[in-house]
There are 2 protein chains.
Amino acid sequence: MDIAALKNHSEAEKKRRARINAHLDTLRSMVPGTRKMDKASLLAEVIAHLKELKRQATEASEGLLMPLDIDEVKVEQQEDGLHSAPYVIRASICCDCKPGILSDLRQALDALHLIITRAEIATLEGRMKNVFVMSSCKEGDSGDTKVHQFLGGSIHQAFRSILDKFSASQEFLLKSTLSNKRRRFDSFKPSLSSSSGDLW
Amino acid sequence: MDIAALKNHSEAEKKRRARINAHLDTLRSMVPGTRKMDKASLLAEVIAHLKELKRQATEASEGLLMPLDIDEVKVEQQEDGLHSAPYVIRASICCDCKPGILSDLRQALDALHLIITRAEIATLEGRMKNVFVMSSCKEGDSGDTKVHQFLGGSIHQAFRSILDKFSASQEFLLKSTLSNKRRRFDSFKPSLSSSSGDLW
DNA sequence: GTAGACACGTGACGC
DNA sequence: TGCGTCACGTGTCTA
């Protein structure tokens, strides 16, 4: 009978729709503010959330990345999306582990009279990366973009000069002893003891 | 004419389906390995991906969190999903900034002969949080779960004893001078200069 | 009364 | 041949 086959067909199709809609409902429960949304709009919102989460994830793992060969100073304004913390500056410096560089950094930041909300030191394979999250000391400066741009410039300049100072001393060592360059490869995969022993 | 109305209707429905399918294709392009998947399976995969990204995001922001009042030692195995780095141990210790505790931690880790792939020191408001990402020195241990459980236990024990040692000395100070407890509130929102000056 | 969204059943195509 | 998936047109409901 063709009639029975048709019934099976329609029922199977019904099952299929149910499966899809169930997943759609799951998505509705996962993405906030989509409870009573269009199917299409829901999917659009899912896409947006997916992008946002991906951005956050890569941003978070970016913080873990540490260039092994190039020294760098980065200063950027952190809008921080949801946390409603306006005009927060995030400054980072990545270079070889050098004793004394930490106190230089500390002195430089002290001189700028900032509120340091987070200070992070990471070491990896003889390299170090310092990240500072901070904002201006004065309350009134919070909304002033120009103040933060100036502050960012000052921080960048201060860090840069510290970097130059220490890389200059390294270049001096490089010229005086040829074995120094090799040392960078020797300490390419050291244990913590050799890589951070001088630093701590 | 009813015929024109019907045509509009079907065309509108066609447009709607096109919108939905376009979003579905966008999702396919965003989630790897779903190029030729069922509509339902695709959505299931999207849900899984969304969950995974959410987990990573919360985990990443968790790493930034630092308990202000309670000292803690955490040792956990990090499967790390995509990076195919099996059996990596992540150990963290959070406590008040105390000079000398860093060298104690270093000595403890040195004694265990581990490969430290990442060492991180973060300071915030007079508190410090150290995170170490590491794996066993020996290659053969990589797949051995028991070895890593034992290693994890050893690390936890070592960190715990360091924590106890320093918190014990703090309790001693607490009993000897009443002003000490207040000090914890005095340094609740210090600048970097006062919070990490002793540590560095 | 019209525009948009949804579920339904059906024909078509692939394994 | 059946089984699964898809696109399509239609009926129905709500705003």
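So that the names make sense, note that chain A is the first sequence line, chain B the second, and so on, each numbered from 1. Below, each value reflects all heavy atoms present in this structure, side chains not excepted, and no hydrogens, waters or symmetry copies. If you're wondering where the values come from, they're calculated on a predicted model, not measured in any experiment.
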Helical bend (five base pairs per end, nearest 10°) for the helix from dT2(C)-dA15(D) to dC15(C)-dG2(D):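 The end-segment axes of the helix from dT2(C)-dA15(D) to dC15(C)-dG2(D) are tilted 0° relative to each other.
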Those residues that, when tested against Glu45(B), pass side-chain contact (heavy atoms from CB on, under 4.5 Å) (two or more places apart):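 So Glu45(B) forms a side-chain contact (heavy atoms from CB on, under 4.5 Å) with Val31(B), Thr34(B), Met37(B).
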Which residues share a side-chain contact (heavy atoms from CB on, under 4.5 Å) with Lys14(A), sequence neighbours left out: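 Scan of Lys14(A) (side-chain contact (heavy atoms from CB on, under 4.5 Å), adjacent residues dropped) gives Arg17(A).
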Outermost DNA chain D nucleotides near chain B [under 4.0 Å, heavy atoms]: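 The contacted stretch runs from dT5(D) to dT12(D).
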Heavy atoms only: give me the nearest [X]-[Y] pair and the separation to one decimal.
X: Asp71(A); Y: Asp96(A); answer: OD1-N, 4.0 Å
X: Ile101(A); Y: Met128(A); answer: CG2-SD, 3.6 Å
X: Gly152(B); Y: Ile89(B); answer: N-CD1, 4.1 Å
X: Ala91(B); Y: Met134(B); answer: CB-CE, 3.5 Å
X: Phe159(B); Y: Val73(B); answer: CB-CG1, 3.6 Å

Sequence-aligned protein contact record of nucleotides 6-15 of chain C, with B where the base is within under 4.0 Å of a protein heavy atom and S where only the sugar-phosphate is: BBBBBBB---
Pairs touching residues 26-41 of chain A that satisfy salt bridge (Lys or Arg N to Asp or Glu O under 4.0 Å), sequence neighbours left out: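 Qualifying pairs: Asp25(A)-Arg28(A).
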Distance in angstrom units between Lys15(B) NZ and dA5(C) P, rounded: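 Answer to the nearest Å: 13 Å.
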Nearest-0.5 Å distance that lies between atom CD1 in Ile93(B) and atom CG in Leu105(B):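 The distance works out to 5.0 Å.
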Reported CG-to-SG distance for the pair Leu102(A) and Cys97(A), which is rounded to 0.5 angstrom: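 If we round to the nearest 0.5 Å, Leu102(A):CG and Cys97(A):SG are 8.5 Å apart.
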